[in-house]
Amino acid sequence: MKWIAFVLLLVPGWLTPSLRAQDPLLTTDRVPTPTQHRVVPAAAYPTYGVYEAILYELARRHPDRCRVEVWGTLPSGRRILALKLTQGIRQERARPQVLCTAAMHGDELAGYWVLLRLAEDLLTNDEAGLLEQTVIYINPLANPDGAYAAGDYSLAAARRGNANGVDLNRNYPDPDDGRFPDGNAHQPETRIFMRAAERRSFDLGINFHGGAELFNYPWDTFRTRHPDTDWWRKVSREFAQRAQHDGPGGTYFKDRSNGVTNGHDWYPIAGSRQDYMNYYHRTREATVEITNAKRLPAAELPTLWTSIRGALLGYLREATYGIHGTVTDRVTGRPVPAHVTIPGHDQMQSSVYSSTAFGDFYRYLAPGTYRLQVSAPGYRSRSLIVTLADKQRRYLHVVLERDSDLVPARKK
C-alpha cells in the first residue's frame with residue numbers, strides 16, 4: 001500500500017478549529033462519552049488525554065473482559081498504559097500471554113491507532129474466541145513523549161526518540177552486544193517494559209513500526225538463524241499473504257522478500273526489543289512494519305485497518321496453536337516450574353519454562369515430530385514424543401516424580 005497523498009480529510013465533530021490549525025494529523029480533543037457507539041475515532045488520532053480516556057472507557061464498557069494496567073509513569077507525567085483483555089478477567093487461569101505494542105518510535109504513528117482499533121474490535125466482535133483462549137495485552141503507545149513532543153494536543157512534532165532523544169529500539173540488553181549496546185543508560189520506557197516482561201512472561205508478541213511494509217523476524221543482532229526459523233518463516237509468510245490479499249490494488253505489504261525479512265538480513269542492529277524479548281524472555285515476538293509512511297495521514301487509517309486486520313488476527317491465533325502443556329507434581333498435583341526443551345533443536349534461549357502459578361507452557365513450532373524433555377530441580381526428567389500438524393493444538397499433561405519418591409525406604 002503506497003500512501004501517496006498527505007492530504008487529510010476533516011472529521012466533523014471531532015476537532016476544534018484551533019486544533020485543526022495546530023495539527024495536520026487531525027488529532028481529536030473530544031473525550032469519549034457513554035452514548036457513543038464507538039469509542040475509537042474512525043479516522044483520527046487522539047490527543048494524549050483522549051487516548052487515556054479511550055482506554056478507560058473501553059474498560060468501563062467491558063468490565064468482564066477488559067482492564068487498564070498502568071505499567072509505569074514517565075518523568076513527563078505521561079504513562080505507559082496497557083489494556084489487559086481476556087474473558088473472565090477477574091479469574092486468573094492458565095492461558096497464553098500475548099503482547100501487542102506500537103509506537104516505540106514516536107513518529108511511527110499508524111500502529112498507535114491500529115492497536116486502539118484492535119482492542120475495540122476484540123471487545124465487540126471476537127468471532128474467533130481469542131479472549132476465551134488467551135490473555136492479550138495491548139499497549140498502543142510505547143513512547144508517548146516522542147509522539148507528543150510538541151504537547152498533549154499535537155502529533156505534528158512527533159519524533160523517533162524519547163524525551164532524551166534516545167532510540168528505544170537500540171536501548172535494550174543485547175545478547176551479542178551487551179547490557180548497554182547503544183552506550184546509553186536504560187531509559188524509563190525501557191525499564192518499564194523490561195519490568196512488564198519479567199512479571200508477565202509473554203508467550204507471543206508483535207511490535208508495530210512504520211517506514212516499510214514487511215514482517216521482520218529474529219534475529220536482528222545475530223547472523224545465525226533462530227532455532228524456530230521454520231515456524232517464523234511460515235507465520236511471516238502467512239501474515240504477508242493475508243495483508244497483500246486484503247490490501248487495495250495488490251500493492252500492499254510487498255517490501256523486501258515479498259513482505260518478509262529476517263532482521264539481520266535486512267540490516268543488523270543491536271539493542272532491539274525483539275531480540276531482548278526472544279532471547280531473555282523466550283517470547284516469540286516479531287517486529288512488523290505496517291506502513292511505508294511513518295506519519296500516516298489520518299484519512300488513510302480505515303483503509304489500513306481493512307488491510308491489516310485479517311493478518312493481525314491470524315497472527316494472534318498462533319497463540320492458540322502449537323504445544324500447550326502443564327507440568328505437575330505426581331504426589332501433590334501442584335504446578336511445577338519446569339524447563340521444557342527439544343534436545344538437538346533448541347539453542348540461543350529458544351526453550352521455554354512452565355509457569356510457577358499454573359505449571360503451564362506454550363511452544364510454537366512448525367509441523368513435525370519433536371522429542372520434548374521436561375526437567376525441574378529435585379524431579380526425575382521425562383521425555384515425550386509429540387507430532388504436530390499445521391494449525392494444530394496439542395495438549396500435554398506432564399507429571400513429574402520427585403527424586404525422593406524413587407528412593408526405596410530403608411528397612412528398620
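Remember, predicted model here, so these are calculated numbers, not experimental data. Side-chain atoms are counted along with the backbone in the values below, which use heavy atoms only and exclude waters and symmetry mates.
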With [X], which residues qualify under side-chain hydrogen bond (donor to acceptor under 3.5 Å, both in side chains), at least two apart?
{"X": "Thr328", "answer": "His397"}
{"X": "Glu189", "answer": "Asn162"}
{"X": "Thr101", "answer": "Asn139"}
{"X": "Asp177", "answer": "Thr221"}

Distance alone, cut at 3.5 Å: any donor-acceptor contact between the side chains of Tyr379 and Arg402? yes
List the steps and the verdict of side-chain contact (heavy atoms from CB on, under 4.5 Å) for Leu130 and Arg317. CA-CA 7 Å; Leu130 279 169; Arg317 280 195 290 272; 3.9 Å; yes
If the condition is salt bridge (charged side-chain N to carboxylate O under 4.0 Å, His left out), which residues does Arg60 pass it with, not counting sequence neighbours? Glu57
Applying salt bridge (charged side-chain N to carboxylate O under 4.0 Å, His left out), name anything that partners Asp145, two or more places apart in sequence or on another chain. Arg78
Hey, could you give me each pair passing side-chain hydrogen bond (donor to acceptor under 3.5 Å, both in side chains) that has a residue in residues 335-350? Not counting sequence neighbours. Asp228-His345, Arg282-Gln349, His339-Ser351, Thr341-Asp346, Asp346-Ser350, Asp346-Arg363
Geometric class of the Phe253/Phe239 ring pair [parallel <30°, tilted 30-60°, perpendicular >60°]: tilted
Do the rings of Trp231 and Tyr364 sit parallel, tilted or perpendicular, given the 30° and 60° boundaries? parallel
Treating [X] as the side-chain partner and [Y] as the backbone partner, does any N or O pair qualify as donor plus acceptor under 3.5 Å?
{"X": "Gln87", "Y": "Glu132", "answer": "no"}
{"X": "Arg330", "Y": "Val399", "answer": "no"}
{"X": "Glu108", "Y": "Met104", "answer": "no"}
{"X": "Asp360", "Y": "Pro96", "answer": "no"}
{"X": "Gln274", "Y": "Thr287", "answer": "yes"}

Closest contact, heavy atoms only, Arg295 versus Ala157: NH2-C, 4.0 Å
Over 12 non-hydrogen atoms of neighbours within 6.0 angstrom of CD in Glu198: no
Sequence neighbours excluded, which residues qualify as ring-ring contact (aromatic ring centres under 6.0 Å, His included) partners of Tyr280? Tyr276
Ion pair present between Arg256 and Glu213, side-chain N to carboxylate O less than 4.0 angstrom? no
Qualifying ring pair (Phe, Tyr, Trp, His ring centres under 6.0 Å) pairs, either residue in [range], two or more places apart:
{"range": "residues 66-87", "answer": "Trp71-Phe193"}
{"range": "residues 116-135", "answer": "none"}
{"range": "residues 102-125", "answer": "Tyr51-Tyr112, His105-His209"}

Hey, are the side chains of Asn262 and Tyr217 touching, using non-hydrogen atoms and a 4.5 Å cut-off? yes
Any residue meeting side-chain contact (heavy atoms from CB on, under 4.5 Å) with Arg242, in chain and number order, not counting sequence neighbours: Asp246, Ala311
Gap separating the CG atom of Leu155 from the OG1 atom of Thr47, nearest 0.5 angstrom: 9.0 Å
